[in-house]
Number of protein chains: 2
Amino acid sequence: MTLQDAKIGFKDCSDCPIRHRAVCARCETNELELLEKIKYYRSYEAGQTVVWSGDQMDFVASVVTGIAALTQTMEDGRTQMVGLLLPSDFVGRPGRNVAPYDVTATTNLMMCCFRKKPFEEMMQATPHIAQRLLEMTLDELDAAREWMLLLGRKTAREKIASLLMIIARREASLNVSADSDVRVFDLPLTREAMANYLGLTLETVSRQISALRKDGVIMLEGKRHVTVPDFQRLQDETGDDSDGGMLF
Amino acid sequence: MTLQDAKIGFKDCSDCPIRHRAVCARCETNELELLEKIKYYRSYEAGQTVVWSGDQMDFVASVVTGIAALTQTMEDGRTQMVGLLLPSDFVGRPGRNVAPYDVTATTNLMMCCFRKKPFEEMMQATPHIAQRLLEMTLDELDAAREWMLLLGRKTAREKIASLLMIIARREASLNVSADSDVRVFDLPLTREAMANYLGLTLETVSRQISALRKDGVIMLEGKRHVTVPDFQRLQDETGDDSDGGMLF
DNA sequence: TGGAAAATTTGATCTGTGTCAAAGAGACAT
DNA sequence: ATGTCTCTTTGACACAGATCAAATTTTCCA
């Protein structure tokens with residue numbers, strides 16, 4: 001599966017969480033009809049909370065547009081982002097009733113939701129859905145583990161570069177055409193959200209972005225629009241192997 | 001499912017990765033026979049590598065005895081543990097050919113392995129296995145995300161206390177009987193392994209353990225044998241909510 | 001049982017990131 | 001346009017944890 005495939009998958013069937021991430025070929029008509037019946041859309045404004053940690057969560061969903069964040073917060077307010085959901089990403093878990101972390105809309109957000117009970121029933125009836133969800137969950141686990149390396153061992157500069165790479169790769173697959181070295185994208189996160197993603201303070205995030213700009217690794221128009229003149233150069237700043245960890 | 005159940009599950013059918021973690025009830029005879037045919041055991045000495053990141057991994061397995069660690073290493077040698085496998089834990093992924101991280105034996109290790117091809121065929125044939133693996137993977141994802149909070153936001157002391165709690169909970173379920181406040185267990189990790197787990201240096205790990213000892217939170221006999229006189233006291237040091245995050 | 005190698009502890013010092021504070025820049029409503 | 005509010009940048013300083021070094025304890029093999 002390539003990102004290109006995923007994009008097509010998303011565009012062609014934007015309301016099926018299983019089809020999302022490029023499994024169109026395996027979805028059959030009667031399943032789609034079933035999904036039609038149990039689906040509904042929900043919109044959230046930037047900053048709104050979708051579910052609170054510990055709350056009942058009676059639906060599963062996939063992101064249609066916008067960005068959502070999964071966060072965990074300690075009693076004294078320290079918060080760590082533990083998941084970043086971009087369009088086509090899936091959220092919620094069959095077999096669990098209670099959300100283990102806060103889900104909040106980072107930007108304006110539209111999600112396609114499915115009530116959990118019927119969704120689970122469909123899972124029982126059509127085995128390949130569980131297999132597909134397993135695959136998606138394993139991908140998420142891989143991402144979480146790469147994130148753990150970032151949190152535990154990378155410097156602030158490497159963390160910023162890594163985050164920019166992640167966003168560049170995701171957004172680039174949606175926006176840009178050429179496979180040239182130059183990449184252009186918008187930062188969909190505030191400095192504070194980036195800090196919560198990276199386990200830093202927002203001041204450190206700001207300083208490191210300034211440093212990368214001064215060193216010519218990135219260019220900024222306004223606070224959000226990023227141009228990467230040399231993608232390899234940014235890659236080198238992440239501390240990751242040059243093959244980008246995309247080896248499976 | 002309680003930890004007590006898991007213990008029984010492990011003892012009664014130590015060679016079935018699906019039965020492990022207390023799903024005995026759903027395993028049927030013909031599946032067990034199939035598993036018999038494709039299973040084999042492998043042993044590793046402490047320190048040995050089971051698979052290298054990027055290598056072919058043509059089996060899935062579950063830990064019978066000992067401890068294994070999943071680690072990621074950067075080019076310059078910085079390493080971060082991203083998974084800790086205790087007895088009954090599952091490793092490997094149907095649908096993936098290449099290991100995304102190193103798997104090494106932390107102690108002497110025995111694993112019960114299943115060649116991947118036939119295991120996958122069995123998954124196709126018996127849908128509830130994929131569902132069970134999905135559930136297990138979601139548990140792992142939750143653990144990974146709690147770990148991310150630890151790596152990103154906790155102090156060194158909180159990190160140590162959290163790790164001790166995790167081990168105490170797991171080991172206690174195997175060793176101790178009473179639900180008293182006192183817990184006794186062996187630390188199965190070197191200071192270096194703990195440091196790699198927590199995103200610290202081994203010196204900091206040593207210092208913080210000394211500090212917890214001096215403050216009476218833990219007692220040490222030798223370097224490995226730990227006594228926790230007041231479990232709640234240790235819990236308070238972790239920074240976690242008092243309910244222990246076990247709310248699902 | 002002795003002795004070398006490995007693991008751990010402890011000390012001294014350094015440094016990257018956090019903390020606190022204030023000034024600048026954008027976004028938006030009136 | 002003007003002012004208010006939020007987000008971002010920048011500065012000065014503090015401190016938790018890293019680094020470098022050495023002493024001590026444990027392990028384990030001869």
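First the proteins, then the strands, lettered A, B, ... as listed; each starts at 1.
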In whole angstrom, what separates [X]'s [atom1] from [N]'s [atom2]?
{"X": "A/Gln208", "N": "C/dG16", "atom1": "CD", "atom2": "C1'", "result": "9 Å"}
{"X": "A/Met194", "N": "C/dT17", "atom1": "CE", "atom2": "P", "result": "15 Å"}
{"X": "A/Leu151", "N": "C/dT17", "atom1": "CG", "atom2": "P", "result": "13 Å"}

Margin query: For B/Tyr40 and B/Phe59, take the angle between the two ring planes, folded into 0 to 90°, and tell me which bin it lands in: parallel under 30, tilted 30 to 60, perpendicular over 60.
Written below: perpendicular
Next item on the list: Identify, with sequence neighbours excluded, every residue that meets salt bridge (Lys or Arg N to Asp or Glu O under 4.0 Å) alongside A/Glu203.
Entry: none
Margin query: Tell me whether the count of non-hydrogen atoms from other residues, nucleotides or ligands lying under 6.0 Å of CD in A/Glu45 goes above 12.
Written below: no
Give me, pair by pair, the N or O atoms of the protein and of nucleotides 28-30 of chain C that are less than 3.5 Å apart, along with how far apart they are.
none

Measure from the side-chain N and O atoms of [X] to the backbone N and O of [Y], and report whether any donor-acceptor pair falls under 3.5 Å.
{"X": "B/Asp102", "Y": "B/Trp52", "value": "no"}
{"X": "A/Arg145", "Y": "B/Val82", "value": "yes"}
{"X": "B/Thr49", "Y": "B/Val51", "value": "no"}
{"X": "A/Lys159", "Y": "A/Leu198", "value": "yes"}
{"X": "A/Arg42", "Y": "A/Met111", "value": "no"}
{"X": "A/Thr204", "Y": "A/Leu200", "value": "no"}
{"X": "B/Asp236", "Y": "B/Arg233", "value": "no"}

In a table with atom names and distances, give each donor-acceptor pair under 3.5 Å that connects a side chain of residues 206-217 of chain A to protein atoms at least two apart or in another chain.
| from | atom 1 | to | atom 2 | distance (Å) |
| --- | --- | --- | --- | --- |
| A/Ser210 | OG | A/Ser206 | O | 3.1 |
| A/Asp215 | OD2 | A/Arg157 | NH2 | 2.2 |

Check: Hey, are the side chains of A/Thr106 and A/Leu189 touching, using non-hydrogen atoms and a 4.5 Å cut-off?
Finding: yes
Next item on the list: Have a look at the helix from C/dT1-D/dA30 to C/dT30-D/dA1 and give the angle its two end axes make, five pairs each, rounded to 10 degrees.
Entry: 40°
Margin query: Within the 4.0 Å limit for protein heavy atoms, which parts of nucleotides 5-15 of chain C are touched? Write it as a string from 5' to 3', B for base, S for sugar-phosphate only, - for none.
Written below: ---SBBBB---
Checklist line | First and last nucleotide of DNA chain D, 5' to 3', lying under 4.0 Å from heavy atoms of chain B | finding: D/dG17 to D/dT26
Notebook entry, point to check: With a 4.0 Å cut-off on heavy atoms, is B/Gly47 in touch with a base, just the backbone sugar-phosphate, or nothing at all?
Noted result: nothing
Note to self: Pairing donors with acceptors under 3.5 angstrom, does anything connect the side chains of B/Asn196 and B/Thr79?
What the structure shows: yes
